[in-house]
Amino acid sequence: MKKQIEKILIESTVRTLEDLCFIYQEPELKDAQENLPLEAAAEVKYRNDDFTGKLLIESRGGLFLAIATNMLSNDNPSDEQKKDALGEIANIICGNVVPSLAGGGREYKIESPRSFKKDELLKGKKQEKPLSEITLNFNQGRADIKFFVDGYSDTKEKKG
Amino acid sequence: MALNTLVVDDSSVMRSIVIKTLKLSGLPLGDIWEASNGEEGLRILQDKWIDLALVDIHMPVMDGEEMLTRLRENDQYENLPVIVVSSESAPGKIEKMLKLGATFIHKPFTPEILKEVIVAITGVSNEETD
């Protein structure tokens with residue numbers, strides 16, 4: 001499941017940023033992008049009969065501004081607009097990933113996205129371990145996406 | 001034929017995206033109206049001539065399913081082309097919207113996909129597009 005989710009996470013993120021923001025993936029994380037500070041994050045919670053969890057997207061390297069600027073065709077989006085734009089991206093990616101969790105045909109619910117200031121995220125309670133975690137480099141910044149399934153553990157995954 | 005279009009989504013960002021994508025598609029567009037929920041959308045439909053509606057599913061006050069249900073109960077709108085634009089993938093939900101006569105586009109989408117669907121359901125001819 002972990003590998004499948006990772007694949008869909010990558011595909012969904014790349015496609016969403018490309019189609020809606022005209023932000024394009026670059027093949028490798030450049031050295032300068034390895035240690036970029038966190039700008040902002042957005043979280044979307046989901047649930048279905050079998051699973052609950054969330055998707056968290058963190059933006060770095062100017063991606064937070066770029067997403068809003070490109071989505072809204074506005075060079076100076078407000079903080080609120082930037083948060084809404086990142087939240088919408090999280091919402092769409094999550095909507096593409098969750099259906100693959102328990103096989104097709106299952107109903108699920110995704111809650112409204114929630115945005116975080118970087119300070120709020122950094123001093124938050126200890127983060128649980130995500131089922132899947134990816135880092136993608138784009139021409140306008142970097143995205144780190146973590147997909148959580150409540151109660152997930154490596155042990156359960158290995159037992160299959 | 002310029003399409004007077006209604007965009008219904010509780011996210012102002014998403015409404016901007018849909019409108020931007022419509023404009024990039026090269027379709028002949030008339031007036032574009034926005035609503036943040038189904039109830040607002042229905043009010044606009046009462047007041048304005050609308051040729052095409054793009055509607056999200058999950059909205060507060062009145063969601064897309066209820067809006068579309070009420071729309072189809074009115075003879076005046078039984079054939080109004082409606083596109084549901086959503087990240088929803090649950091087959092049950094999608095089927096309900098399709099049974100209400102909507103066409104479904106999954107987010108994310110490109111101007112090309114949007115144009116293809118709109119040409120198919122509105123009858124706007126390819127000669128009228130860019």
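A note on names: the letters A, B, ... follow the listed sequences, proteins ahead of strands, and every chain is numbered from 1. Remember, it's a predicted structure, so these values are computed and weren't measured experimentally.
- Among the residues in residues 9-23 of chain B, those with a non-hydrogen atom closer than 4.5 angstrom to a non-hydrogen atom of chain A are B/S11, B/S12, B/V13, B/M14, B/S16, B/I17, B/K20.
- B/F104 and B/L52 are not part of a single hydrophobic cluster, where members link through side-chain heavy atoms under 4.5 Å apart.
- The contact between B/L24 and chain A is made entirely by side chain atoms (from C-beta outward), counting heavy-atom distances below 4.5 Å.
- Criterion: ILVMFWY side-chain heavy atoms under 4.5 Å apart, direct or through other members. Under it, B/L80 and B/V7 are not part of a common hydrophobic cluster.
- Contacts between A/E88 and chain B at a heavy-atom distance below 4.5 Å involve the side chain alone, from C-beta outward.
- A/Y24 and A/L9 fall into different hydrophobic clusters, defined by Ile, Leu, Val, Met, Phe, Trp and Tyr side-chain heavy atoms under 4.5 Å apart, directly or through other members.
- Atom OG1 in A/T16 sits 11.0 Å away from atom CZ in B/F109 (nearest 0.5 Å).
- Tracing side-chain contacts under 4.5 Å through hydrophobic residues (I, L, V, M, F, W, Y), one reaches A/I145 starting from A/F64; they form part of the same cluster.
- A donor-acceptor pair under 3.5 Å is absent between the side-chain atoms of A/N91 and the main chain of B/S87, judged by distance alone.
- With sequence neighbours excluded, the residues satisfying side-chain hydrogen bond (donor to acceptor under 3.5 Å, both in side chains) with B/S36 are B/E40.
- To the nearest 0.5 Å, the span separating NE2 on B/H58 from CD on A/E111 amounts to 12.0 Å.
- Residues B/V85 and B/L42 do not share a hydrophobic cluster, defined by chaining ILVMFWY side chains whose heavy atoms lie under 4.5 Å apart.
- Ranked by heavy-atom pairs under 4.5 Å with chain B, the first of A/C94, A/S73, A/S112, A/C21 is A/S73.
- Within 6.0 Å of atom CG in B/D47, more than 12 heavy atoms from other residues, nucleotides or ligands are found, so the atom counts as buried in its surroundings.
- By the 6.0 Å contact criterion, CD on B/E116 is open, its count of non-hydrogen atoms from other residues, nucleotides or ligands being 12 or less.
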